[in-house]
Amino acid sequence: MEFLNLIKNDSWLAPFEKVIAGRHQYTIEKENVLTNSGSHSLASFATGYLYFGLHKVSDGWIFREWAPNATCIYLIGTCNGWQKDPAYKLNNIGSGVWEIFIPEHALHHGDLYKLWIEWNGGAGERIPAWCRRVVQDTESKIFSAQVWNPSVPYVFKNKKFVPSKTPLLIYECHIGMSTSKETVGSYTEFRENVLPRIYKAGYNAIQIMAIQEHPYYGSFGYHVSSFFAASSRFGTPEELKELIDTAHSYGIAVIMDIVHSHAVKNETEGLGRFDGTTHQYFHEGDRREHPAWDSLCFDYGKNEVLHFLLSNCKFWLDEYKFDGFRFDGVTSMLYYSHGLGEAFSSYADYYNGNQDRDAIAYLTLANRLIHEVNPHAITIAEEVSGMPGLAVLPEDGGYGFDYRMAMNIPDFWIKMIKEKKDEDWHPSAIWWETTNRRKDEKTISYAESHDQALVGDKTIIFRLIDAAMYWHMQVNDHNMVVERGIALHKMIRLVTASTINGGYLNFMGNEFGHPEWIDFPREGNGWSHKYARRQWNLVDNMDLKYHYLGDFDKEMLAAITSIKNFEKTPLEKLWDSDADQTLAYKRKDLIFVFNFSPTRSYSDYGILAPKGEYEVILNSDSLKFGGFGLTDDSIRHFTHFDPLYKKEKKEWLKLYIPARTAMVLRKVKPVKS
């Protein structure tokens with residue numbers, strides 16, 4: 001199939017053309033089934049949330065649920081004393097769909113309710129699968145659905161928001177732990193206190209974790225129970241909508257961390273055995289439970305499951321105006337093995353029959369749907385195996401994501417810090433790891449995300465400084481361990497952010513070296529929130545060194561965004577020497593220079609660069625960033641002619657480069673006479 005550009009752009013995929021074409025055709029056939037051969041769109045198919053669940057109508061309420069194995073269903077709750085009342089018995093209207101009309105006076109905003117579902121051989125309380133609001137009783141800890149019909153619903157002020165993606169600069173965040181107090185933060189607190197920080201720091205997108213309702217707070221939101229309900233721990237739906245609307249007024253896109261790779265096993269709160277069967281939404285037998293995550297795996301081969309998940313994507317775009325999604329656990333979806341125990345050492349590992357074509361079709365259709373609903377939407381795949389084509393258009397044989405996470409980069413930095421002496425940090429390896437990616441796929445590069453901050457792991461700053469953070473972070477306290485850590489922290493971030501081909505991501509607080517790990521309240525720590533928060537006071541305190549890192553991060557992003565379409569500009573290596581531990585590369589009018597040597601500073605160090613005059617616009621060794629201030633950055637630098645490089649239009653740019661220093665130089669445009 002010559003038209004598949006995925007294969008055209010990578011000749012190494014040619015031996016697998018039949019498999020790739022087969023997946024492509026299978027997705028087309030699946031879409032034809034869902035859209036009745038194109039008689040309606042994917043967007044019109046994915047409107048289950050407008051039909052199922054509880055809806056206010058002109059003369060009352062209508063409720064519908066899909067439960068094909070049920071023999072009888074009652075709505076129970078505040079309205080009827082939680083009893084099986086014949087007046088609240090649902091009717092089976094066919095195809096496994098149950099329905100009830102409820103008079104207007106019977107339900108009120110804020111009322112609690114559940115379903116009592118009976119089946120042959122059993123019965124149980126269930127939270128409706130399509131409900132939009134779930135709350136937990138503070139005393140009993142029991143979750144219930146809640147009628148949500150505020151007298152003054154939130155009205156969005158920003159009707160047509162278009163995200164800035166040139167480049168995409170993502171601030172990954174968690175609402176609950178965004179407060180400095182030892183408690184659960186709220187949507188309102190985040191909107192009032194954290195959004196302004198993100199805006200001032202220069203990020204143009206936030207990626208919010210843990211939005212979909214989840215029974216266990218400590219799961220970080222990855223064990224979802226109610227897929228259409230925004231977590232009530234953080235506030236109301238109206239408050240989340242206002243947060244998103246306010247972000248848009250700042251020019252900040254809002255990306256949701258969506259979990260469609262698995263679901264919580266809970267039966268009372270989740271979908272585990274919703275209608276008495278184990279296979280309504282999930283696989284049966286060995287494929288039902290995820291062997292590593294203690295969760296349930298969706299059966300993407302069922303059209304009803306596709307309807308549920310695709311409708312879920314459209315719901316969050318439509319109802320809350322999210323600007324897109326970061327899909328969690330894509331590797332787990334792609335492979336029958338969930339990627340566990342696989343090496344992925346050759347292309348054959350992506351086409352050996354161990355791939356779930358139903359999951360591949362779902363992901364492709366989800367991307368088609370999302371971009372049909374909002375052509376400006378952003379989709380990102382969290383995928384570790386390196387599956388080709390994730391961020392390639394479906395019509396070209398890909399899966400349709402806009403970006404894939406560059407998950408190799410944080411692993412590389414951890415390995416470097418843990419296993420290599422400073423003298424063995426080789427710029428050639430750093431260059432390879434930060435630029436090694438598929439040419440036809442955009443990536444989101446990052447030095448660390450929330451994964452590296454979790455208890456049991458360590459952030460980059462904590463790996464570099466460790467216990468010295470507790471004693472030597474005052475600005476006048478000179479400590480070699482801290483000074484080394486701060487220097488490398490800035491350099492690691494700069495080389496990661498400046499080599500992007502799509503976007504850059506940072507996790508909340510890591511930009512200023514937030515100390516310690518993240519540990520959510522649990523029995524093992526006495527249900528403490530001490531380590532599930534962000535200590536903003538640290539970066540705000542000018543007597544502490546944290547603000548040096550935060551200030552550098554802000555200036556780093558400003559330098560990157562000073563070039564239009566920075567992520568699309570050619571990335572040209574000008575110089576690297578493992579012996580000297582130096583690296584230099586160019587993007588448009590910017591030159592990035594690094595000296596990773598811990599001990600050697602270089603005078604008049606020559607780098608071949610385009611002829612011209614250059615000014616320093618960022619220097620990690622500047623006093624304002626906690627450096628030693630060893631260079632005079634007011635000096636302009638002129639290239640020196642060398643006849644050997646005349647044809648290449650290159651000359652020698654000679655610089656003083658202190659040890660453990662990175663700088664960014666900008667070519668000065670000549671003044672027109």
Side-chain angles (χ1 to χ4, degrees), residues 154-175 178 187-209 211 230 238-258 316-326 370-371 373-380 402-403 442-446 449 493 497-498 500-512 534 536 539 550-569 588 617-618:
Y154 187 81
V155 177
F156 284 90
K157 300 177 181 65
N158 298 280
K159 304 295 183 183
K160 294 182 179 179
F161 175 75
V162 178
S164 172
K165 309 173 190 175
T166 56
L168 189 62
L169 302 171
I170 303 173
Y171 198 83
E172 185 186 30
C173 49
H174 183 284
I175 300 297
S178 65
Y187 297 125
T188 298
E189 288 176 309
F190 187 92
R191 172 177 57 82
E192 293 176 346
N193 303 328
V194 184
L195 263 181
R197 290 180 179 273
I198 297 169
Y199 171 72
K200 290 175 183 176
Y203 291 88
N204 57 23
I206 55 175
Q207 180 178 298
I208 310 182
M209 307 173 66
I211 289 296
E238 312 309 300
E239 290 165 346
L240 174 56
K241 290 175 182 179
E242 188 176 6
L243 186 164
I244 294 170
D245 204 17
T246 305
H248 288 167
S249 70
Y250 280 118
I252 295 174
V254 186
I255 301 165
M256 177 175 158
D257 200 347
I258 199 167
W316 292 107
L317 296 172
D318 182 29
E319 181 70 18
Y320 285 90
K321 312 303 179 191
F322 277 96
D323 299 295
F325 306 98
R326 180 261 203 185
I370 291 162
H371 293 104
V373 173
N374 179 3
H376 303 291
I378 299 161
T379 59
I380 305 168
D402 296 302
Y403 306 89
K442 293 184 292 185
T443 60
I444 301 295
S445 299
Y446 60 109
S449 68
R493 274 169 160 64
S498 60
I500 58 174
N501 79 332
Y504 172 73
L505 177 142
N506 163 71
F507 178 67
M508 177 175 64
N510 284 359
E511 74 278 8
F512 65 83
R534 296 285 91 174
W536 303 108
V539 70
D551 294 343
F552 180 81
D553 194 75
K554 178 181 178 180
E555 293 299 320
M556 176 184 77
L557 298 186
I560 288 171
T561 53
S562 69
I563 300 294
K564 187 178 181 180
N565 296 319
F566 177 85
E567 77 288 357
K568 296 178 182 178
T569 60
K588 198 77 183 254
I617 63 169
L618 184 66

Partners of Glu242 by salt bridge (Lys or Arg N to Asp or Glu O under 4.0 Å), sequence neighbours excluded?
Arg191
With Tyr171, which residues qualify under ring-ring contact (aromatic ring centres under 6.0 Å, His included), at least two apart?
Tyr203
Within a strict 4.5 Å, meaning less than it, do heavy atoms of the Phe190 and Leu195 side chains meet?
yes
Donor-acceptor pair, side chain of Asp257 and main chain of Gln207, under 3.5 angstrom:
no
Distance check, rounded to the nearest 0.5 Å: Ile206 atom CD1 versus Ile198 atom CD1?
5.5 Å
Is there a donor-acceptor contact under 3.5 Å from the side chain of Asn501 to the main chain of Thr443?
yes
Under the 3.5 angstrom rule, does the side chain of Lys588 hit a backbone N or O of Lys564 as a donor-acceptor pair?
no
Would you confirm whether Asp323, through its side chain, and Ala253, through its main-chain N or O, come within 3.5 Å as a donor-acceptor pair?
no
Hey, are the side chains of Leu505 and Ile380 touching, using non-hydrogen atoms and a 4.5 Å cut-off?
no
Please examine the side chains of Tyr199 and Thr246, heavy atoms only from C-beta on, and report whether any two atoms are closer than 4.5 Å.
no
Do NZ/NE/NH1/NH2 and the carboxylate oxygens of Lys241 and Glu319 come within less than 4.0 Å?
yes
Tell me whether the count of non-hydrogen atoms from other residues, nucleotides or ligands lying under 6.0 Å of NZ in Lys554 goes above 12.
no
Flag the pair Asn158 / Lys321 as yes when at least one side-chain heavy-atom distance between them is below 4.5 Å, and no otherwise.
no
Evaluate Tyr154 against Asp245 for side chain to side chain contact (heavy atoms under 4.5 Å, CB included), listing each step before the verdict.
CA-CA 10 Å; Tyr154 187 81; Asp245 204 17; 2.7 Å; yes
Trace of the side chain to side chain contact (heavy atoms under 4.5 Å, CB included) decision for Glu189 with Val194:
CA-CA 7 Å; Glu189 288 176 309; Val194 184; over 6 Å; no
Is there a donor-acceptor pair under 3.5 Å between the side chain of Thr379 and the backbone N or O of Asp402?
yes
Step-by-step side chain to side chain contact (heavy atoms under 4.5 Å, CB included) determination, Leu240 to Ile175
CA-CA 10 Å; Leu240 174 56; Ile175 300 297; over 6 Å; no
Can you name the nearest heavy-atom pair linking Tyr320 to Ile244, along with the distance?
O-CD1, 3.3 Å
Between Trp536 and Met508, is any pair of side-chain heavy atoms under 4.5 Å apart?
yes
